[in-house]
Amino acid sequence: MKTLILSLFMVFSLSLRAQTVEADFHVIPLPDAITEVKGADAMPLTRLECICYDVNDERMIRNAQFLAQYVEQQTGYRLPVQINVSSLVPAILLELNKKITAPEGYVIEVGKKAVRIQGSTPQGVFYGIQAFRKALPQAKADSIALPPVRVAAAPRFAYRGLHLDVCRHFFGVDFVKQYLDMMALHQMNTFHWHISDDQGWRFEVPAYPRLTQVGAWREGTVIGRNTGLYDHVRHGGFYTEEQIRDIVRYARDRYITIIPEVDMPGHMTAALAAYPEMGCTGGPYEVEQNWGVFDDVLCPGREETYRFVFAVIDRLAQLFPAQYIHIGGDESPRTRWQDCQRCQEVIRREGLKDDSHHSAEDELQGLFTRRVEQYVQSKGKRIIGWDELIDCGVDSTATIMNWRSWRGTEDVYRAAERGHDIIKVPNNPLYLDYYQTPDSLWNRPLLIGGYCPLDSVYAYEPAPASLSAKARQHILGVQANLWTEYIPSKELAEYQLMPRIAALAEVQWLQPGRKDYEAFRRRLTRLTALYRLFGWKYCSEGL
């Protein structure tokens, strides 16, 4: 009897070990082509002996090290990294192939003796690595087989962004790096970092030390939606120069460009609290504890305002290698300017006047913005601003970030016709601080409001067929924003992002005719398994 039980146990154990799980290259974002290689057998993952890169380039070495880390995380199998192994050695080969025309495109080929991951650039290879890691199941390496396929993909848009506001609630370096890791997994390449606002200033400017001594801290935070009740808990923080340079390097290693945003002339209460002489009234001001739009903004009638702004731009240009600096430009009330003698003197001196569409104070913001734009250009950079900049007379080199979905898109597309590059980030459906589940009293946290479910993100079309060919050429890409008035923790930030950034990734990579929402939902299963592996929270309702 014992012999029979032992035999049955051995058969059962062998049958468990014999179960093989195939990698599945129907990942998110979906590749352009997945072609089965006829007459070939699947390759066991454990047959591969190393990861090899074909050129002695620090980016390719780093790519190989990333891949080794990813494979070990998911399968427990550690592959050594080396350069130019013999063709007889079964390996994952990371290769540059100039026949691949798209700079960020990739090709994966699973053959009899090797897996090839190719791109025309190291960045393209990196995206092939991301697709490969997402194709792997979470299983023991000896139970994983790689099907014989050829996979090819290239992104639809050159600009594939994700935004994070660290002003309303401060997030430390570790979470910012995690954010970049989430972006890399979803094959995004631009991090829009919102680092100043009414509720906190988040980086050092040596000539203005009170920005972080005073402006980085508020004495409490409103409870609920501007109820007049406060928690009286001091909140804040900022990033040192060393920390910012570290984050920039971390992003660069993952082929992510960081675009810093300092909103001006509005959303400046934290800066005014530190330096009240830059406001129209002279203060006193306090770092805001409420959410919203506030009347106290920078005074364009004071020369010290421009000295401050130029020092800030100098600092951003030193810290961030990106070609862009985001200057905001949204939600800047004219109330203080109307009563400010200095501002009114500038209006008279410059001959600014009301017309049927704009007030003289509107024109004053245009004057301010053009002066800032010229200074940014003197640093070899270009500006990005919110779509309010369309009314400010900025140069056509200014890139417009279109966020006001309720205003329609006619003005934005006319700006594209005039030569402005456009990044689409409509608040509905791409503000991820909005709710993603139907209204319910019991099963949701307190958020700012709005409703942007997963399917609406997936269905979004940044460049509709109705656009002219000229306007279409100026749609650089698409981004989602995470504003954090009601998002005080990393867990809630993760939950608000995922899985909606998976839908965003398909908007960024896929041509419209290839999108299929139901197929996307089925493919989410493998991706949400990775979320769980990393301990990331996500919304599972409706999946």
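Below, each value reflects all heavy atoms present in this structure, side chains not excepted, and no hydrogens, waters or symmetry copies. Quick caveat: nothing in here was measured; it's all calculated off a predicted structure.
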side-chain hydrogen bond (donor to acceptor under 3.5 Å, both in side chains) between Gln74 and Lys134, worked out
CA-CA 10 Å; Gln74 290 175 234; Lys134 285 179 281 194; over 6 Å; no

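- Residues Met401 and Lys424 are not in side-chain contact: their nearest non-hydrogen atoms beyond the backbone lie 4.5 Å or more apart.
- Here Ala251 pairs with Leu180, Ile256, Ile258 under the side chain to side chain contact (heavy atoms under 4.5 Å, CB included) rule; sequence neighbours left out.
- Residue pairs meeting the salt bridge (charged side-chain N to carboxylate O under 4.0 Å, His left out) criterion with at least one partner in residues 458-482, sequence neighbours excluded, are Arg156-Glu461.
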What's the verdict on side-chain hydrogen bond (donor to acceptor under 3.5 Å, both in side chains) for Asn402 and Tyr413, showing C-alpha distance, side-chain angles and the deciding distance?
CA-CA 10 Å; Asn402 173 215; Tyr413 292 145; 5.8 Å; no

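- For Arg407, the CZ atom is loosely surrounded, since the number of other residues' heavy atoms within 6.0 Å does not exceed 12.
- Inspection of the Asp421 and Tyr159 side chains reveals no N or O donor paired with an N or O acceptor under 3.5 Å.
- Under 3.5 Å, the side chains of Gln187 and Gln508 contain no donor-acceptor pair of N or O atoms.
- Residues Glu388 and Arg404 meet the side-chain proximity criterion, which asks for heavy atoms closer than 4.5 Å.
- Remark: Lys515 NZ is packed, more than 12 non-hydrogen atoms of other residues, nucleotides or ligands lying under 6.0 Å away.
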Ignoring hydrogens and angles, write down the donor-acceptor pairs under 3.5 Å from the side chains of residues 164-175, residues two or more places apart or on other chains.
from   : atom 1 : to     : atom 2 : distance (Å)
Asp165 : OD1    : Cys167 : N      : 2.8
Asp165 : OD1    : Arg168 : N      : 3.3
Asp165 : OD2    : Arg168 : NH1    : 3.1
Asp165 : OD2    : Thr484 : N      : 3.1
Asp165 : OD2    : Thr484 : OG1    : 3.2
Arg168 : NE     : Gln199 : OE1    : 2.8
Arg168 : NH2    : Asp197 : OD1    : 3.4
Arg168 : NH2    : Asp197 : OD2    : 3.3
His169 : ND1    : Thr484 : O      : 2.7

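- Applying the ring-ring contact (aromatic ring centres under 6.0 Å, His included) test between Tyr127 and each of Phe66, Phe132, Trp509 identifies Trp509 as the sole match.
- Remark: Ser405 engages Asn427 in a side chain to side chain donor-acceptor pair (under 3.5 Å) (not counting sequence neighbours).
- For Phe191, the ring pair (Phe, Tyr, Trp, His ring centres under 6.0 Å) partners are Tyr179, Trp193, not counting sequence neighbours.
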Which donor-acceptor pairs under 3.5 Å do side chains of residues 38-55 form with protein atoms, sequence neighbours excluded?
from  : atom 1 : to     : atom 2 : distance (Å)
Arg47 : NH1    : Lys112 : O      : 2.6
Arg47 : NH2    : Lys112 : O      : 3.4
Asp54 : OD2    : Leu96  : N      : 3.2

Evaluate salt bridge (charged side-chain N to carboxylate O under 4.0 Å, His left out) for Lys177 paired with Asp246, printing each intermediate quantity in order.
CA-CA 10 Å; Lys177 288 182 174 180; Asp246 179 44; 2.7 Å; yes

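- A pairwise comparison of heavy atoms in Cys452 and Val457 identifies O-CG2, 4.4 Å as the closest pair.
- In this structure, Arg315 pairs ionically with Glu241, as a charged nitrogen and a carboxylate oxygen lie closer than 4.0 Å.
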